[in-house]
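First the structure, in the form of structure tokens, and then the observations on it.
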Protein chains: 2
Amino acid sequence: MGLPTALVRTRFLVDAAYADAVRDYGITSQQAQLMCLVIAGPRGMCDLAGVLGLAKSSLTGLVDRTAKRGLVHRVPDPSDGRAQLVALTEEGADVAERMHASTVQHVDNLAYGLSESERELLASLLSRVITDNEVPKVFGEGDRAQASA
Amino acid sequence: MGLPTALVRTRFLVDAAYADAVRDYGITSQQAQLMCLVIAGPRGMCDLAGVLGLAKSSLTGLVDRTAKRGLVHRVPDPSDGRAQLVALTEEGADVAERMHASTVQHVDNLAYGLSESERELLASLLSRVITDNEVPKVFGEGDRAQASA
DNA sequence: TATTGTTATACTCTATAACTATA
DNA sequence: TATAGTTATAGAGTATAACAATA
């Protein structure tokens, strides 16, 4: 199987595992992705729209729906009167933590057939591709921040 | 970077490249995926819904919209009076062919930083994961069929 | 009775255009 | 004037429930 085919099928596989993992928490993939982006701290709407590749108004709606579930909220940006920052609520921080761990578990299981050294090799090759393409930290490690609820 | 994080970020990267590639043809990722699944020949609605992990009615809508664009059409299943098969139209087969090639190109470019042997290694490791998890052929190589238009 | 598919309805996701408010 | 964000509107994607037709 060629590399492009392998990458596209991997996308399909990981996508399903991701959606499965977060569905247990009653949220959609998009809402989960939004939450992952603000785990490390509040971020502005424009910033988030840029990272997610969404129109501003699309993000407004996504934040609205996620806020309605009590997982995020808007806080005014002290350095810019026009801007709003999106932050996790206390409940959101808790859900994000558990959802992240569950997703790691689900996705990790996909590689059950690989040996430890093969997993490391795969991770390092993918890391190269990710770094080369400057993929934003849409799913991260460490860097939790306090909820500003 | 751990393997789960690398896989989730890869999903994000490939997803964007895939959407980019097919947008040039005026279709959505979902419609492109549907078309890829019937490149090798007509398939039934239930079959497709199962592979895509969609509710039956969701697929009805997806097929409706793709058919409205003239890319697929329904043909009765000769072996089951209840069933409909989804097939590419002539235009759909043409679009699918070009869109597939373009997607391969886009996705292949993501690995520009890897040497030829690294690409082969990455492809083989991902192939193992794909095979282990019995990922359906949502994006394939070879196996073109004639359009039944 | 079970299966295939559609329809009705509702919600989520997304984009474009027009708008408000602040820089 | 440019930027941050929202609102209005429309279309695409998805699910559940009820239904029709065939197996």
Side-chain angles (χ1 to χ4, degrees), chain A residues 12 15-16 18-20 22-38 42-87 138, chain B residues 12 15-16 18-20 22-38 42-87 138:
Chain A
F12 183 87
D15 203 57
Y18 189 89
D20 265 6
V22 307
R23 190 170 32 239
D24 292 343
Y25 298 90
I27 52 185
T28 64
S29 298
Q30 290 89 345
Q31 292 175 16
Q33 188 145 85
L34 171 65
M35 293 174 72
C36 282
L37 285 171
V38 294
R43 301 177 67 164
M45 299 287 288
C46 269
D47 180 17
L48 290 167
V51 168
L52 291 171
L54 296 179
K56 289 185 304 177
S57 67
S58 302
L59 187 65
T60 295
L62 181 58
V63 171
D64 284 348
R65 290 184 298 271
T66 313
K68 200 160 60 181
R69 282 168 170 67
L71 302 171
V72 299
H73 63 151
R74 290 170 167 93
V75 286
D77 183 339
S79 72
D80 186 338
R82 299 167 301 181
Q84 298 281 334
L85 301 175
V86 179
V138 289
Chain B
F12 183 87
D15 204 56
Y18 189 88
D20 265 7
V22 307
R23 191 172 29 240
D24 293 342
Y25 297 91
I27 52 184
T28 65
S29 298
Q30 290 90 342
Q31 291 175 16
Q33 189 146 82
L34 171 66
M35 291 174 72
C36 283
L37 285 171
V38 294
R43 302 178 65 164
M45 298 288 287
C46 269
D47 179 16
L48 290 168
V51 168
L52 291 171
L54 296 179
K56 288 184 304 178
S57 66
S58 303
L59 187 66
T60 296
L62 181 58
V63 170
D64 283 348
R65 290 184 297 271
T66 313
K68 201 160 57 181
R69 282 167 170 68
L71 301 171
V72 300
H73 63 151
R74 289 172 168 89
V75 285
D77 183 339
S79 71
D80 186 337
R82 300 167 300 181
Q84 298 282 334
L85 302 175
V86 178
V138 288

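A quick note: this is a predicted structure, and the numbers were derived from the prediction, not measured. Lettering follows sequence order; numbering is per chain, from 1.
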In residues 74-84 of chain B, what donor-acceptor pairs under 3.5 Å come from side-chain atoms, sequence neighbours left out?
residue	atom	partner	partner atom	Å
B:Arg74	NH1	B:Asp64	OD1	3.0
B:Arg74	NH2	B:Thr60	O	3.4
B:Arg74	NH2	B:Asp64	OD1	3.0
B:Asp77	OD1	B:Ser79	N	2.8
B:Asp77	OD1	B:Ser79	OG	2.8
B:Asp80	OD1	B:Arg82	N	2.9
B:Asp80	OD1	B:Arg82	NE	3.2
B:Asp80	OD2	B:Arg82	NH2	3.1

Side-chain N or O of B:Ser58 versus OP1/OP2 of D:dG13: is the shortest distance under 4.0 Å? no
Proximity to DNA chain C (any heavy atom under 4.0 Å), residues of residues 43-54 of chain B only: B:Met45, B:Cys46
Rounded to whole Å, the CG-C1' distance (A:Leu34 to C:dT14) equals 15 Å
Looking at B:Thr60, does any N or O in its side chain come under 4.0 Å of the phosphate oxygens OP1/OP2 on C:dT6? yes
Identify whether any heavy atom of A:Ala83 sits under 4.0 Å from a base atom; if not, whether one sits that close to sugar-phosphate; answer base, sugar-phosphate or nothing. sugar-phosphate
Just how far, in rounded Å, is P of D:dG13 from CZ of B:Arg23? 13 Å
So do the side chains of A:Met35 and A:Ile27 get within less than 4.5 Å of each other, counting heavy atoms only? yes
Between B:Leu85 and B:Gly44 the two heavy atoms that sit nearest each other are CD2-N, 3.5 Å
Between OG1 on residue A:Thr66 and CD on residue A:Gln33, distance to nearest 0.5 Å: 11.5 Å
Which pairs with one or both residues in residues 29-38 of chain A pass salt bridge (charged side-chain N to carboxylate O under 4.0 Å, His left out), sequence neighbours excluded? none
Sequence neighbours excluded, which residues qualify as side chain to side chain contact (heavy atoms under 4.5 Å, CB included) partners of B:Arg23? B:Asp20
Applying side-chain contact (heavy atoms from CB on, under 4.5 Å) to A:Val22 and A:Thr28, what does each step give before you reach the verdict? CA-CA 7 Å; A:Val22 307; A:Thr28 64; over 6 Å; no
Could you state the CG-C1' distance from A:Leu59 to C:dA15, rounded to the nearest angstrom? 13 Å
Taking all non-hydrogen atoms of both residues, which atom of B:Cys36 and which atom of B:Tyr18 are closest, and how far apart? SG-OH, 4.2 Å
Enumerate all atom pairs, one protein N or O and one N or O from nucleotides 8-10 of chain C, separated by less than 3.5 Å.
none

Walk me through whether A:Leu48 and A:Val38 qualify under side-chain contact (heavy atoms from CB on, under 4.5 Å). CA-CA 9 Å; A:Leu48 290 167; A:Val38 294; 4.2 Å; yes
Walking DNA chain D from its 5' end, the first of A:Gly61 and B:Ser29 to be reached, judged by nearest nucleotide, is A:Gly61
Please list each protein N or O that sits under 3.5 Å from an N or O in nucleotides 9-12 of chain D, with the distance.
residue	atom	partner	partner atom	Å
D:dA12	OP1	B:Arg69	NH2	3.1

Is the phosphate of C:dT6 approached by B:Arg74 (side-chain N or O, under 4.0 Å from OP1 or OP2)? yes
Minimal heavy-atom distance between B:Lys56 and B:Ala49, with the atoms involved, is CA-CB, 4.5 Å
Using whole Å, what does the distance between atom C1' of nucleotide D:dT22 and atom CG of B:Asp77 come to? 12 Å
Could you write nucleotides 18-23 of chain C as a row of B, S and -, 5' to 3', where a protein heavy atom under 4.0 Å of any base atom gives B, of only sugar-phosphate atoms gives S, and otherwise -? ---BBS
Residues two or more places apart in sequence or in another chain: which of them pass salt bridge (Lys or Arg N to Asp or Glu O under 4.0 Å) with A:Asp47? A:Arg43
Correct closest heavy-atom pair for B:Val138 and A:Phe12 would be CG1-CE1, 3.5 Å
